[in-house]
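Accompanying notes for the structure given below.
Chain letters run A, B, ... following the sequence lines, proteins first, then strands; residues in each count from 1. Excluded from the calculations below are hydrogen atoms, water molecules and symmetry mates; all remaining heavy atoms, backbone and side chain alike, are included.
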Number of protein chains: 2
Amino acid sequence: MEPGERAPSVTIRDVARAAQVSPATVSRVMNRRSTVDVELARRVQQAAASLGYHPSVVAQGLARGRTELVSILVPDLGNPMFQSVLRGISRAAGVEGYRVLVTDSHEMPLEEPFLAQETRLRTDGLVLCSPRSHDQELLELAGKLEPFVLVNRHVEGLLAPMVAVDYAAGIRALVAHLAGLGHRHVAYLSGPMASVSNQERLDTLHASAEGRFELTVLECGSMHEDGYEAADRALGTGATAIIGYNDLVALGALGKFHAIGVSVPDEVSVVGFDDIAFARYASPMLTTVAVPQEALGEEAWQRLSAVLRGEEPPADVCFTPRLEVRQSTARVPR
Amino acid sequence: MEPGERAPSVTIRDVARAAQVSPATVSRVMNRRSTVDVELARRVQQAAASLGYHPSVVAQGLARGRTELVSILVPDLGNPMFQSVLRGISRAAGVEGYRVLVTDSHEMPLEEPFLAQETRLRTDGLVLCSPRSHDQELLELAGKLEPFVLVNRHVEGLLAPMVAVDYAAGIRALVAHLAGLGHRHVAYLSGPMASVSNQERLDTLHASAEGRFELTVLECGSMHEDGYEAADRALGTGATAIIGYNDLVALGALGKFHAIGVSVPDEVSVVGFDDIAFARYASPMLTTVAVPQEALGEEAWQRLSAVLRGEEPPADVCFTPRLEVRQSTARVPR
DNA sequence: TTGTATGCGTTATCAC
DNA sequence: GTGATAACGCATACAA
C-alpha cells in the first residue's frame with residue numbers, strides 16, 4: 001500500500017460473501033435485529049471475527065441519520081470548572097454509548113458562533129457551556145444549533161433546555177458571610193467582561209453590598225495569573241476581604257499573599273467561586289461557593305439525550321450553590 | 001415534524017436545483033475545486049446561502065474516506081496533566097481543521113483496549129495517553145489501532161510514533177536535590193500500580209537512593225485525596241522529605257500538613273511531579289519536576305498529522321523534565 | 001426468516 | 001468548464 005493510500009477496509013459485503021449470506025443478514029446480525037437463524041448468525045459471527053470486521057461508523061451514521069456523537073463547546077479547557085462539566089457529560093453520555101467531541105473557544109467570544117456551528121455540524125447535538133456571546137446572537141444562532149442545551153447561562157426567549165446556577169444566591173450568601181464577620185470594605189476581582197456570570201455576580205454584589213460595606217471592583221480575569229497579579233492592588237484599596245471571580249483567581253491571590261507575607265485570613269479574607277478540587281487542598285483551605293460542576297454536565301446530558309430520543313426534555317434546572325466556609329475567611333482585623 | 005423524526009436537511013441536490021446546475025458543480029464550488037465559471041459559482045453561493053445549506057460532514061466523511069476527527073484516550077480526565085495534553089492536541093489539531101474526540105478510561109486498565117478500539121473506529125487516528133495496559137497487550141492491539149501515537153509511554157518493538165518523558169532523569173534530579181539538602185530518609189507516595197511511569201519512578205528511586213538515603217515506599221494513588229490521606233503515614237515513617245507520585249498527591253499532602261500544623265518545608269520537605277499550574281500557586285509553592293505537558297500534546301499531533309498525510313512522522317522524542325525548585329523543600333531539620 | 005433494491009449526501013471519474 | 005454516474009459502506013422497506 002502506498003503512503004497516503006486508502007486502507008482497504010473489510011466491508012459488510014466481504015463478510016456476507018464469506019458467510020454465504022446477504023449483506024442484509026450480516027447487518028441484522030451485527031445489530032442484533034429481528035430473529036436470524038441461529039446457524040446463519042453463527043456463520044456471520046465467525047466470518048466477521050476471522051476477517052476482523054467492524055462496521056464503518058461513518059457509513060452507519062449516514063444510513064441511520066445519527067452519529068452518536070455530541071459536541072461540547074467551552075470558553076477555556078484550562079479551567080477546572082469546565083473540565084468538570086466536560087467530565088460529567090462525558091461520563092453520562094458514555095453510558096448511553098455516546099461520545100463527546102470537545103471544542104475550546106479560548107475565551108475568544110467572536111469565534112464562538114462559528115465554532116459552535118462548525119462543531120455542531122459534526123455531531124447529533126451540542127452543549128453550549130457558558131457562552132460569551134450576547135443574548136441576541138444566541139437567539140439568532142439557535143435555529144442552526146438545534147438540538148442543543150445551554151449550561152451556565154439563561155437566555156430569555158430561548159426554547160433550548162437550560163441548566164443554570166443561581167449565582168445571585170451564591171453571592172448573597174457570600175456577602176452575608178463577610179458582613180457577618182465584620183468586613184466593611186470588600187474588593188471584587190472581576191472576571192472576563194464577556195462572561196455573563198461575571199456580570200451577574202457584579203450586579204448582585206452591588207445590590208447586596210449596599211449599606212453593608214464599601215465595594216471596590218478591580219478588573220482582573222479568570223486565571224491564576226490574574227489573581228496573583230491583582231492581589232496587592234486589591235489590598236491597596238484598603239479592603240479587608242477579597243472576592244475572586246472564581247477559585248482560580250482566589251487561589252492566585254492566595255499565592256501572592258503567601259509570597260509577600262500577608263497572612264490569610266488574619267490580615268485579609270479571601271473567597272472564591274466554584275469549589276474546584278484544589279480549593280479544598282489550598283493553604284489555607286479556600287472558603288468558596290460550591291457549584292455542582294459534574295452535576296451540571298449530567299443534567300445537560302439528560303436534556304440533550306431526551307431531545308435526541310424525540311422526547312420532551314426535563315424542565316430547566318437552576319442549582320442553588322452552597323457556601324462552603326473554610327479557613328480563608330475570618331473576622332475583620334481591627 | 002413528529003418528535004424523533006429525521007430533520008429534513010437541505011442537500012446538495014436542493015442547492016443544485018435552485019442554482020440550476022448539477023450537484024457536481026455545487027460540490028466543486030463548496031470545495032473551491034478546479035475552475036468553475038464565475039457566474040455559476042455566484043449562483044451556487046447564493047442558492048446555498050439562501051437555503052442555509054451546509055454539506056453533511058458525515059457524507060463527506062464517507063465519500064472522502066476521512067472524518068478530520070482524531071481520538072484521544074486518557075486514564076483520567078480529572079488530572080490536570082492529561083487536561084494539558086488534551087489542550088495541546090486540541091489546539092494544534094484545530095489549526096489544521098481537525099477536531100478531537102476525547103475518551104476517559106477512568107483509571108480502569110481493563111476497559112482500555114475496548115475503549116481504544118471503539119473510539120479509534122470513530123475517527124482517523126488515535127492518541128493513546130499514558131496507557132495502563134501491558135506492553136504485550138499494546139503490541140497485540142497495535143494493528144487495530146493504527147494510525148496512532150503513544151504519549152508518555154515507551155513500548156519496545158512498537159512501530160507507532162512515541163512522545164515520551166525521561167522520568168528517570170527527573171527522579172535523579174529530585175534525588176540529588178533532596179540528598180544535597182541533607183535528607184537521609186525519604187518517603188515515596190506511590191501512584192497507581194498500573195501506571196508504567198510510576199513503576200519507572202519507583203525503579204529509578206530505588207537505584208539512585210542507594211547509598212544516599214533510606215527510601216520508604218507507601219501505596220497511595222494519583223489524586224488529591226490519596227496524598228491527603230497518606231501524608232501523616234509518610235511522616236510516621238520518620239521521613240524528612242516526601243516525594244509525591246504527582247503534583248496532585250503532593251498538593252494533597254501539603255493540604256494535610258497545613259491542616260495538622262506541620263510546617264513545610266521547616267519540618268518536612270514535599271515535592272511533586274508534572275508541574276501543573278496549581279503547583280506554582282500552592283502555599284508554599286511546590287518544588288516539582290516540570291513536564292512540558294502541552295508540548296507533549298503538540299508533538300503527538302505533529303506525528304499523527306504526518307501519518308495522516310501519508311508522510312514519515314518526526315522521530316520519536318523524549319523530553320527531559322526540568323527540576324523546578326520552589327519553596328516546599330529545604331535543608332533537613334536537625 | 002432471508003434476499004433484493006434503494007436511499008443516506010458527497011466526492012470523484014469520466015465523458016462531453 | 002460541466003454534467004451524468006458510480007462508488008463510499010451500511011440500514012431498511014419490501015418482496016419473496
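Listed pair A/Thr25 / C/dG3 meets the phosphate criterion, a side-chain N or O lying under 4.0 Å from OP1 or OP2. Remark: A/Gln60 is not in phosphate contact with D/dC10, judged by side-chain N or O atoms under 4.0 Å from OP1 or OP2. In this structure, A/Thr35 reaches the C/dT1 phosphate: one of its side-chain N or O atoms is under 4.0 Å from OP1 or OP2. At D/dC8, none of the side-chain N or O atoms of A/Thr11 fall inside 4.0 Å of OP1 or OP2 (strictly under the cut-off). Listed pair A/Ser27 / D/dA11 meets the phosphate criterion, a side-chain N or O lying under 4.0 Å from OP1 or OP2. Residue B/Ser56 has no polar side-chain atom (N or O) positioned under 4.0 Å from OP1 or OP2 of C/dG9.
With distances taken from any side-chain atom of B/Ala24 to the nucleotides C/dT2, D/dG9, C/dA12, the minimum falls on C/dA12. For A/Arg13, the side-chain atoms get nearest to D/dG9 when compared with the rest of D/dT2, D/dG9, C/dT1. Counting only heavy atoms from C-beta on, B/Asp37 has its side chain closest to D/dG1 among D/dG1, D/dG3, C/dT11. When each of C/dT1, C/dG9, D/dT2 is scored by its nearest atom to the side-chain atoms of A/Leu62, the top-ranked nucleotide is C/dG9.
Side-chain N/O atoms of A/Arg42 and A/Gln46 include a donor and acceptor closer than 3.5 Å. A/Ser90 and B/Asp104 share no side-chain donor-acceptor pair at under 3.5 Å. A donor atom on one side chain and an acceptor atom on the other are found under 3.5 Å apart for A/Ser133 and A/Glu112. At a cut-off of 3.5 Å, with distance as the only test, a side-chain donor of A/Thr103 or A/Thr119 sits close to an acceptor on the other residue.
Distance, B/Arg122 CZ to D/dG9 P: 19 Å, rounded to whole Å. Put simply, CZ on B/Arg66 is 18 Å from C1' on D/dG9, counting in whole angstrom units. Rounded to an integer number of Å, the gap from A/Arg32 CZ to D/dA11 P is 12 Å. Taking atom CD1 of B/Ile12 as the reference point, atom P of D/dG3 lies 12 Å away to the nearest angstrom. The nearest whole Å value for the distance from the CZ atom in A/Arg17 to the P atom in C/dT4 is 13 Å. What separates CZ of A/Arg64 from C1' of D/dG9 is a distance of 12 Å, to the nearest Å. Following rounding to the nearest Å, A/Met30 (CE) and D/dC10 (C1') show an atom-to-atom distance of 11 Å. When the C1' atom of C/dG3 is taken as reference, atom CZ of A/Arg28 falls 7 Å away, rounded to whole Å.
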For this session: Before giving the answer on side chain to side chain donor-acceptor pair (under 3.5 Å), spell out for A/Gln136 and A/Glu140 the whole-Å C-alpha distance, their side-chain angles and the decisive distance to 0.1 Å.
Result: CA-CA 6 Å; A/Gln136 187 54 36; A/Glu140 290 168 7; 3.1 Å; yes
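A/Val21 comes within 4.0 angstrom of sugar-phosphate atoms only, judged by non-hydrogen atoms across all strands, and of no base. Counting any heavy atom pair closer than 4.0 Å across all strands shown, A/Arg33 reaches sugar-phosphate atoms only and no base atom.
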